[in-house]
Amino acid sequence: MSHEKFGFSAVKPRFIEYDKNDRTLFYLLRRREPSISICFSCGSCSATCPANAQTPFSFSRIMLYIRRGEKVQIAREINKCMMCGKCRLACPKGVNTRNIILITRDFLQKRTP
Amino acid sequence: MNKRVLIIGAGIAGMEAAASLLALGNEVLLFERDEIPGGHLKDWERLFPTQRLGSEVLDFLKKGIGSNVQLIHGTTITSAEKHEGRFKVVSSGGDVWWGDAVLLATGYDLFDATKKEEYGYGIFKNVITSADLEKRLLHSKELLTAEGKKPGRIAFVHCVGSRDRKIGNVFCSKVCCVTAVKQAIEIRQLLPDCEAYCFYMDLRMYGMKFEELYNEAQEKWGVTFIRGRMSEVSENIDRSLLVKVEDTLIGRPMRMNVDMLVLMVGFVPTKTTAKLAANIGVELNENGFIKMLDEHTSSNITNVPGVFVTGTAAAPQTISTTVMDARSAAVVVNNWLNSGGKA
């Protein structure tokens, strides 16, 4: 790569480009699992999550990625869940977290050839 | 002989206090600088958390003062002083009235949003305040951008002029959070194709039905709440607005275009109240509102015996608490008068 020869490279901006992001998954989830709408990012799900205790996996963060349409992060994170379901017990708003994960995985599988 | 109370300001607090003082057997003079009573409520279409009409509450207050309260409208009281145990107030026109007690119900001013220049109020045409939006909803059932187009996305900015040390207002204005939720729902009801966003730092849903309204906004109306304070707003060539904000829950900056921006302006103490207070010797608190003798136990009493305060002249309040505070002030004033001027 030419930029490597010169010893520098262009850093990609860190902006969440809201207008360019594709939020199809979020709109699908809002129809199929409406409880996604009432998450208020309290973090109970991640606090109780055994995967989060050992690795940098955060379900509350995934919820935000879904809402903003940050597809790369969703795809990177979603399979780290072990489906134990503790998050669903901890959620004070009764969000069906397991169903959100299942629909998301299904959606990504169908979309990726 | 009946005691006479001079109430300055015929907004919610002044009107309700007048009705209560009258019911307790006092003579009441109610001064109002505008031609009609009602204060800020006159410009408000619907009220949180039920979306009932502001005019209904106004009708209730008008009925309360009826024809027995002497409403002296179109009159600005510019000075007040104590003379041998009685109070004398003077209007800008030089008219003089005497009374046995003074109740300050002079209310608040809305924060001047041009002071937060980074949001572009007064510079970009599609940046409006929450009060502007309410006035537009009051007079028309249509909401269009400055170019006459249907907006596709509207964003609300919380805490404009509140909780802002740099602007000089460290206090929370209390009502803007839930007003934004209410207005975002109204946008979604009026324009089903328009997205609504709220940019907040904290959501203070402290009242009965407030949290429920917030849940309803998300669940039923699809309003999106993003935690972060907007740093700057710039105008695109088509007059839409590019906003920059940190999505603090994700921890990354965000860029978004919106068609209209609504600034949730807070309460500020009025300059005319400060002048009148200085004139009569009433102290102000560190935020510039009228200082209560004791926030817990003597909230309607000022440092000057015989001068009382009610409503938003003392602190930001909702309509419900203003009405309660006005009734409380009426009892306090009445007790003071009946005890022969002892606190």
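Per chain, numbering begins at 1; letters A, B, ... match sequence-line order.
Atoms CE and CG, on M256(B) and D19(A) in that order, are 7.0 Å from each other to the nearest 0.5 Å.
For the set N215(B), N257(B), V223(B), the entry with the most heavy-atom pairs within less than 4.5 Å of chain A is N257(B). Highest contact tally toward chain B, considering only R68(A), R30(A), E70(A), is held by R68(A) [criterion: heavy-atom pairs under 4.5 Å]. The residue among C39(A), G43(A), S41(A), S37(A) with the most heavy atom pairs within less than 4.5 Å of chain B is S37(A). Counting heavy-atom pairs under 4.5 Å between each of K20(A), R67(A), K93(A) and chain B puts K93(A) at the top.
Residue K141(B) qualifies as enclosed at atom NZ: its count of foreign heavy atoms under 6.0 Å is above 12. Dense packing is recorded around CD of E17(A), with more than 12 heavy atoms of other residues, nucleotides or ligands lying under 6.0 Å away.
Of all residues in residues 49-65 of chain A, those placing a non-hydrogen atom less than 4.5 angstrom from a non-hydrogen atom of chain B are R61(A), L64(A), Y65(A).
At a 4.5 Å heavy-atom cutoff, the contact between I226(B) and chain A is made by backbone and side-chain atoms alike. With a 4.5 Å cut-off on non-hydrogen atoms, F26(A) does not touch chain B at all.
At a threshold of 4.5 Å between non-hydrogen side-chain atoms, the residues R153(B) and Y18(A) count as touching. Proximity of F40(A) to F225(B): side-chain heavy atoms (C-beta onward) are nowhere separated by under 4.5 Å.
E219(B) and I38(A) get closest at one heavy-atom pair: CG-CG2, 2.9 Å. Taking both residues in full, the closest heavy atoms of F15(A) and R252(B) are given as O-NH2, 3.5 Å, listed atom of the first, atom of the second, then distance.
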Just distance, no hydrogens or angles: give the donor-acceptor pairs under 3.5 Å from side chains in residues 73-89 of chain A, sequence neighbours left out.
from: E77(A); atom 1: OE2; to: K80(A); atom 2: NZ; distance (Å): 3.3
from: N79(A); atom 1: OD1; to: R105(A); atom 2: NE; distance (Å): 3.3

